[in-house]
Protein chains: 2
Amino acid sequence: MVVMRTEGIAVVHGMRELWERTAHLFTGARSEVSCAADQYANWVRLVSPARRSPAGVRVRKLYHAGLMLDPGFSDYARRMASLGAQVRVPTREMGETILIDGRVAILAGGSDAGTPTFSVITVPEVVHGVSGLFESAWVGATPLAAWDATSAELRAIAPRVLEVLAAGAKDETAARTVGLSVRTYRRRVAELMAALGAETRFQAGVRARELGLI
Amino acid sequence: MVVMRTEGIAVVHGMRELWERTAHLFTGARSEVSCAADQYANWVRLVSPARRSPAGVRVRKLYHAGLMLDPGFSDYARRMASLGAQVRVPTREMGETILIDGRVAILAGGSDAGTPTFSVITVPEVVHGVSGLFESAWVGATPLAAWDATSAELRAIAPRVLEVLAAGAKDETAARTVGLSVRTYRRRVAELMAALGAETRFQAGVRARELGLI
DNA sequence: CATCTCCTGGCAGGACCTTGCCACCCGGTG
DNA sequence: CACCGGGTGGCAAGGTCCTGCCAGGAGATG
């Protein structure tokens with residue numbers, strides 16, 4: 001049987017509107033705020049400014065590996081962690097997701113003519129389903145500390161290396177493009193491949209894309 | 001200003017329910033049915049069984065290159081074309097999308113505990129936005145005939161080649177795995193890279209993943 | 001059968017990638 | 001200054017990949 005949901009779902013256009021509409025939900029959270037972010041670094045930082053949460057509220061953050069390669073964002077992630085949030089780094093994507101007290105779910109929809117849209121959902125069965133997805137992603141993700149340890153200096157240069165690699169450039173060209181010697185460029189590629197757990201460049205390409213690094 | 005949409009959007013759980021709920025929309029289409037499919041081969045074939053459409057109804061199909069590498073699906077695509085549908089093969093993803101008479105849009109949402117969810121949208125401005133996305137994808141896609149011509153025998157072996165490539169195997173091993181000589185295996189890889197528009201294997205990996213071939 | 005076409009697989013040469021080795025530079029330390 | 005540690009870049013040997021060339025085999029056609 002099909003159940004029409006004509007209430008309990010609001011579609012919000014644009015990040016600013018989302019923030020205006022949902023700020024009270026965040027500040028009013030009583031037991032838990034869980035967020036998963038794959039892509040929209042700016043949005044994450046706008047909606048969820050780094051500040052300590054009220055006692056008793058468990059704050060969990062899933063920041064995708066792709067975001068963590070952005071130096072500014074990984075700083076933000078560490079700041080969140082130092083303020084009491086539990087931060088983990090997943091390697092699979094799960095879409096922009098927010099869960100509050102198991103009562104409200106916020107999901108990013110597609111973008112409508114450049115403006116991202118978000119659904120604010122209070123339908124219990126939907127919220128429950130989204131919670132399940134979040135839990136499974138949470139279990140499979142790497143705690144921030146462990147992630148940080150394994151990918152320190154790599155983060156600095158990785159984006160540009162990935163960019164030229166994805167552009168199909170040969171090492172000679174690529175090295176000149178990113179301003180490294182061929183030897184050092186190849187070192188970076190090797191480190192990148194190790195970080196991605198790839199044994200060939202093809203595999204590295206697949207993984208990089210999988211992680212949203214490109 | 002936030003506009004709450006509490007009507008005009010229905011969320012449907014599962015493909016069967018979607019079919020039950022939307023069948024009348026397809027059969028009742030008066031001027032146009034446009035579909036874009038990236039991934040859910042089974043779903044596409046369920047929702048849109050191959051049959052001739054009423055005269056005067058323009059039927060357009062965007063079947064992603066990933067789907068076309070599935071032999072069964074590409075047969076289905078050709079059957080659709082022979083029944084009057086305009087079929088094109090895009091190389092970029094745009095999500096599972098259906099548009100009917102410019103009045104209704106159906107989009108696949110995430111999956112809820114394994115059950116895929118779909119939004120049936122009748123909000124004019126949203127439908128219009130989705131239509132724009134579809135048109136742009138349509139213009140950039142390759143007509144079925146042209147696609148078929150350039151990728152005949154490739155489809156037969158591509159999946160297994162992609163698999164071993166993604167597994168990180170070297171050519172020697174990979175060739176043995178798929179039961180080809182190294183020379184022929186390399187030929188297949190070269191063809192694959194050409195089809196993907198890739199100049200390096202890294203780039204091919206990225207594209208392959210982008211297209212959901214892996 | 002003769003012939004043609006298409007695909008396969010071996011071979012070889014060259015392009016490209018990978019890695020160890022080592023000299024060099026630079027900032028920190030005694 | 002002498003020394004050390006860490007990063008850089010040149011070089012070279014070896015591994016991997018790319019591709020033109022050609023011989024051989026399978027199937028279609030006359």
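Note that the coordinates shown come from a computational prediction; the quantities given were computed from them, not determined experimentally. Letters A, B, ... are given to chains in the order of the sequence lines, protein chains preceding strands, and every chain is numbered from 1. Reckoned from all heavy atoms, side chains included, excluding hydrogens, waters and symmetry mates.
- Judged purely by atom type and a 3.5 angstrom limit, A:Ser181 uses its side chain to pair as donor or acceptor with the backbone of A:Thr184.
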Step by step, work out the salt bridge (Lys or Arg N to Asp or Glu O under 4.0 Å) result for B:Arg160 and B:Glu163. CA-CA 5 Å; B:Arg160 282 194 297 163; B:Glu163 191 179 340; over 6 Å; no

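- Ionic pairing of A:Arg60 and A:Glu135 is present here: one or more N-O contacts between side-chain nitrogen and carboxylate oxygen are shorter than 4.0 angstrom.
- Distances shorter than 4.0 Å separate none of the side-chain N or O atoms of B:Thr184 from OP1 or OP2 on C:dT8.
- Between B:Ser181 and C:dT8 there is no side-chain N or O to OP1 or OP2 distance below 4.0 Å.
- With hydrogens and angles ignored, the 3.5 Å screen pairs no side-chain donor or acceptor of B:Thr173 with any backbone N or O of B:Ala169.
- With salt bridges taken as basic N to acidic carboxylate O contacts below 4.0 Å, none links A:Arg186 and A:Glu191.
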For nucleotides 12-20 of chain C, just jot down a letter per nucleotide in 5' to 3' order: B, S or -, based on protein non-hydrogen atoms under 4.0 Å. ----SBBBB

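- Taking atom OH of B:Tyr185 as the reference point, atom P of C:dC11 lies 20 Å away to the nearest angstrom.
- Atom CZ of B:Arg188 is separated from atom C1' of D:dT19 by 14 Å (rounded to the nearest Å).
- Of the charged side-chain nitrogens involved, at least one lies within less than 4.0 Å of a carboxylate oxygen, so that A:Asp171 and A:Arg201 count as a salt-bridged pair.
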